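In this text the structure is predicted, and so the values were computed from the model without any measurement. Numbering of ligands and ligand atoms starts at 1, following listing order.
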Amino acid sequence: MVVRKAVLPVAGMGTRFLPATKATPKEMLPIVDRPVIQYVVEEAVAAGLSDVLFVTGRAKRALEDHFDYNGELEKMLQERNDLEKLSAVRGPAQLAQIHYARQGTPAGLGHAVLCAKAHVGDETFAVLLGDEIIPAENNVLQQMFSVLATHGGSVLLLKRVPKTEISRYGVAAVKPTTDENIVEITDLVEKPDPADAPSDLAVLGRYVLNPAIFGILENTKPGKGGEIQLTDALKVLANSTDPKVGKVHGLIYEGERFDTGEIFGYMTTVVELATRRSDIGTEFKSWLTNFVKGF
Ligand code: UTP
């Protein structure tokens, strides 16, 4: 089974970044000189997902423009013979076949995924949260597709997190499989109190989902925070006994991820990725070392 379509929900309110996100989606905030969402699209494309659907909401214009051509700017760079910048400007428009669906009101992540139903149709698809960067070279999606090839059904990405952080995530109850990095998911709880968490395995922002999720989402009532929660629908998916729907497995991932969806995570991502740049990295690290000495 080949997964072709990626769904990227980018319609949230981004309230943690106000006022920056008043007129710009938080997924468009820059990490040095590229918006967060470009890293996510590049990861999807590197995994063979050439069909990308953004689920957008208000303030979507900047994002649409970023993944489109800009004739005026391109002409100016061409005239200056600045081919490097020209290629950087054209790059996002050439990455993938980009499509848009509109989420009228930000009624929750589950509701945003449901907005992709008409575009996805009856095929297994990937969801990538637009505010979470996972380095493309870690091949996380490819590893999830190989779990799908073995087990069928749906695949989530899990990470072990300390108890003190568990209430920030959806958390999975699991059964082991013969592979220590793969578990079968039996239940999920959204943002539990540490005492109620069924494990230390948090759900990250990459999902490979059977299209049965759409029918489930249509019947999912608003949950935590009054939002239609993807976690609530995934819980129903995990308990399905329909062989066509299959089970939900989790791939345990120990590698790097950058959560740019909240201010502290965003700031550390900017600093970390800036230190790795081939252009400014060395100079930035040296400045940073001196700056820290001043504390
Ligand atoms: P978040 O909960 O992190 O985003 O959703 P948010 O709601 O924009 O953030 P705050 O809490 O107000 O600061 C995770 C991802 O799901 C998308 C967001 O855009 C983000 O990429 N999302 C969330 C939607 O597309 N629609 C929604 O209704 C909710």
When only distance counts, is V55 in polar contact with ligand 1, meaning an N/O pair under 3.5 Å?
no
Can you confirm whether L158 sits close enough to I185 that some side-chain heavy atom of one is under 4.5 Å from a side-chain heavy atom of the other?
yes
Atom 17 (C) of ligand 1 has as its nearest protein heavy atom P9 O, 3.7 Å
Neighbour count >12 (heavy atoms, 6.0 Å) for atom NZ, K5
yes
Atom 8 (O) of ligand 1 [closest protein heavy-atom partner, distance rounded to 0.1 Å]
G14 N, 2.7 Å
Which is it for Y266 and F258 under the ring pair (Phe, Tyr, Trp, His ring centres under 6.0 Å) test, yes or no, and what are the steps along the way?
CA-CA 8 Å; Y266 174 74; F258 299 97; over 10 Å; no
A side-chain contact here means heavy atoms from C-beta on lying under 4.5 Å apart; do M144 and L141 qualify?
yes
Ligand 1 atoms nearer than 4.0 angstrom to some heavy atom of A107 are 28 (O)
Does the protein place any heavy atom closer than 4.0 Å to atom 12 (O) of ligand 1?
yes
Per the side-chain hydrogen bond (donor to acceptor under 3.5 Å, both in side chains) rule, which among K60, H66, R61 passes with E64?
K60
Any ion pair linking D187 and K235 (charged N to carboxylate O, less than 4.0 Å)?
yes
Any N or O on T15 sitting closer than 3.5 Å to an N or O of ligand 1?
yes
May I ask whether G261 has any heavy atom positioned less than 4.0 angstrom from an atom of ligand 1?
no
Among K159, R257, K26, salt bridge (charged side-chain N to carboxylate O under 4.0 Å, His left out) partner for E132:
R257
I'd like to know if K117 pairs up with E218 as an ion pair, taking the criterion as any Lys NZ or Arg NE/NH1/NH2 lying under 4.0 Å from an Asp or Glu carboxylate oxygen.
yes
Of E132, E27, Q229, the residue with the heavy atom nearest atom 19 (O) of ligand 1 is E27
Can you tell me if Q78 and E74 form a side-chain donor-acceptor pair at under 3.5 Å?
no
Can you tell me which residue and heavy atom of the protein come closest to atom 14 (C) of ligand 1, and the distance to 0.1 Å?
D131 OD2, 4.0 Å
Among all the protein's non-hydrogen atoms, which is closest to atom 28 (O) of ligand 1, and how far away is it?
G108 N, 2.8 Å
Top protein contact for atom 25 (O) of ligand 1, by heavy-atom distance
A11 N, 2.8 Å
Can you sort out which atoms of ligand 1 are near V10, meaning under 4.0 Å from one of its heavy atoms?
19 (O), 25 (O)
Test item: E42 and L95 side chains (from C-beta on) under 4.5 Å apart, heavy atoms:
yes
For this output row, return yes or no: ring centroids of F125 and F214 closer than 6.0 angstrom.
yes
Nearest protein heavy atom with distance in Å, relative to atom 22 (N) of ligand 1:
G12 N, 3.6 Å
Measure the CZ-CG distance between R90 and L83 for me, rounded to the nearest 0.5 Å.
9.0 Å
How far is atom 2 (O) of ligand 1 from its nearest protein heavy atom, and which residue and atom is that?
R16 NH2, 3.9 Å
Going by distance only, is there an N or O of A112 that falls short of 3.5 Å from an N or O of ligand 1?
no
Test item, H111 contacting ligand 1 (heavy atom, 4.0 angstrom):
no
Give me the residue, atom name and distance of the protein heavy atom closest to atom 16 (O) of ligand 1.
L109 CD1, 3.5 Å
For ligand 1, which atoms sit closer than 4.0 Å to a heavy atom of P106?
28 (O)
For atom 4 (O) of ligand 1, tell me which residue out of K26, E262, E227, Q103 has the closest non-hydrogen atom.
K26
